[in-house]
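Here is the structure we will look at, set down as C-alpha cells.
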Protein chains: 2
Amino acid sequence: MPHRSQTLPVDRVFAALANPTRRDVLDLLIDGPRSASDLAAHFDMARPSVSEHLRELRECGLVTEARHGRFRLYSINAEPLLEVRDWLGPYERFWRNRLTDLGRLLDALPPDEADRA
Amino acid sequence: MPHRSQTLPVDRVFAALANPTRRDVLDLLIDGPRSASDLAAHFDMARPSVSEHLRELRECGLVTEARHGRFRLYSINAEPLLEVRDWLGPYERFWRNRLTDLGRLLDALPPDEADRA
DNA sequence: AGAATAGGTAGGAGATATCCTACGCATCAA
DNA sequence: TTGATGCGTAGGATATCTCCTACCTATTCT
C-alpha cells in the first residue's frame with residue numbers, strides 16, 4: 001500500500017521541466033552553450049532568479065557548467081530527458097490508435113465513426 | 001524582453017506530470033479505466049487527496065471522467081502528452097549523437113565515433 | 001424510507017516554489 | 001590597486017502545492 005516516499009531522480013527532472021522559464025533555458029541552449037548573464041537577458045526577471053533556475057537545472061543534471069574566466073558557460077545535458085521519453089513510451093499506442101476515450105471502448109462505437117476528431 | 005506571463009496549456013500538462021502520484025495514476029490507467037476509489041486504494045494517502053489529483057488531471061485534459069451510477073470511471077486521454085513529446089523532439093539529436101557534453105563539441109570529436117548507441 | 005457506498009468540495013496547516021533586493025566573491029581592465 | 005563585471009548565495013515576502021479532516025450530495029441496497 002505505501003507507494004512512494006523519497007524524491008526519485010526522475011521526479012526532479014519532471015519538476016524541473018514544470019517551470020516554463022527552465023524549459024525556455026533549455027530551448028535556448030539547444031543552439032549551443034551560453035553564459036549565465038546571456039541567458040538571464042532573455043527573461044523578464046531579475047538575474048539572480050535566473051541563476052536559481054540554473055541551479056535547479058544543474059542539480060537534476062539537465063545542464064552542465066564550465067567556468068571560463070569570470071564567465072560560466074552553460075550547456076545542455078540531455079541525458080536526463082531520456083527518462084521522460086521512456087516514461088512517455090507506453091502512451092504512444094494511445095495516440096497511434098486514437099484510443100483516447102473510454103466512451104468509445106465501453107459503447108463499442110464503430111471505430112470509423114469517430115474519425116472527425 | 002518580456003517573455004511569458006500567463007499559464008499556457010502545455011505548462012499545465014508539465015505541472016501535472018511533475019507530481020509522482022499523478023504520473024502513477026496515469027500509469028495505472030494505461031491498462032484500462034478505473035473508478036476513483038479503485039485508484040485511491042493504490043496510494044498511501046487519504047481518498048480526498050487522490051480526488052484532488054484527479055481533478056488536476058481532469059483540468060489539464062489528461063483524464064476523462066464517465067459517470068456510471070455512483071461510480072466515476074476515469075480513463076486516459078493521452079492527447080495532451082503529445083505536447084510533451086513534441087517539446088522533447090528537438091533534444092533527440094543530443095542522445096542520438098551522444099552530443100550531450102560541451103567538451104565534445106569543443107574538442108570536435110569525429111562524429112562516427114559515437115554511434116554505438 | 002433509512003443505511004451504506006462512491007466520491008466530490010471546503011477550509012486549513014505546513015512545506016515548497018518563485019520571485020525580489022542586498023550582498024559577497026572572483027576576475028579582468030585601467 | 002581600484003573599479004567594473006560576472007554571477008552565485010542569503011534572507012524574506014508571497015503564492016502555490018500537497019496533504020489532512022470534516023462535510024455534503026447522489027446513488028444504491030435492504
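Labels below follow one simple rule: chain letters A, B, ... track the order of the sequence lines, proteins then strands, and each chain is numbered from 1. All values below were derived from every heavy atom in this structure, side-chain atoms included, with hydrogens, water molecules and symmetry-related copies excluded.
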Please give, in whole Å, the distance from [N] [atom2] to [X] [atom1]?
| X | N | atom1 | atom2 | value |
| --- | --- | --- | --- | --- |
| A/Asp44 | C/dC20 | CG | C1' | 13 Å |
| A/Met45 | D/dC7 | CE | C1' | 16 Å |
| B/Asn19 | C/dT16 | CG | P | 13 Å |
| A/Phe43 | C/dT18 | CZ | P | 13 Å |
| A/Arg22 | C/dC19 | CZ | C1' | 12 Å |
| A/Asp24 | C/dT18 | CG | P | 13 Å |
| A/Arg23 | C/dT18 | CZ | P | 11 Å |
| A/His68 | C/dC28 | NE2 | P | 12 Å |

Determine whether a donor-acceptor pair (N or O, by modelled atom type, separation under 3.5 Å) exists between the side chain of A/Tyr74 and the backbone of A/Leu26.
no
Closer than 3.5 angstrom, by distance alone: can the side chain of B/Tyr91 be matched with the main-chain N or O of A/Asp27 as a donor-acceptor pair?
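Yes; at least one donor-acceptor contact below 3.5 Å.
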Any A/Ser49 side-chain N or O less than 4.0 Å from OP1/OP2 of C/dC20
yes
Think A/His53 has a side-chain N or O under 4.0 angstrom from the OP1 or OP2 of C/dC19?
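Answer is yes, contact under 4.0 Å.
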Looking at every strand, decide which applies to A/Arg67 at a 4.0 Å heavy-atom threshold: base, sugar-phosphate, or nothing.
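Here A/Arg67 touches no strand at all.
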Evaluate the side-chain proximity of A/Ile76 to B/Phe94: yes if any heavy-atom separation is below 4.5 Å, no if none is.
yes
Any side-chain heavy atom of A/Leu17 within less than 4.5 Å of one from B/Leu17?
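The answer is no; the side chains never approach within 4.5 Å.
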For nucleotides 6-11 of chain C, just jot down a letter per nucleotide in 5' to 3' order: B, S or -, based on protein non-hydrogen atoms under 4.0 Å.
SBBB-B
Checking B/Leu62 against B/Val25 for the side-chain contact (heavy atoms from CB on, under 4.5 Å) test, could you report, in this order, the C-alpha distance in whole Å, the side-chain angles of both residues, the deciding distance, and whether it holds?
CA-CA 10 Å; B/Leu62 280 166; B/Val25 166; over 6 Å; no
Minimum heavy-atom separation for A/Ala40 and A/Arg47, please, with both atom names.
CB-CG, 3.8 Å
Flag yes if B/Phe71 and B/Leu57 sit in one hydrophobic cluster, no otherwise; membership is Ile, Leu, Val, Met, Phe, Trp, Tyr, and two members link when side-chain heavy atoms are under 4.5 Å apart.
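B/Phe71 does not cluster with B/Leu57.
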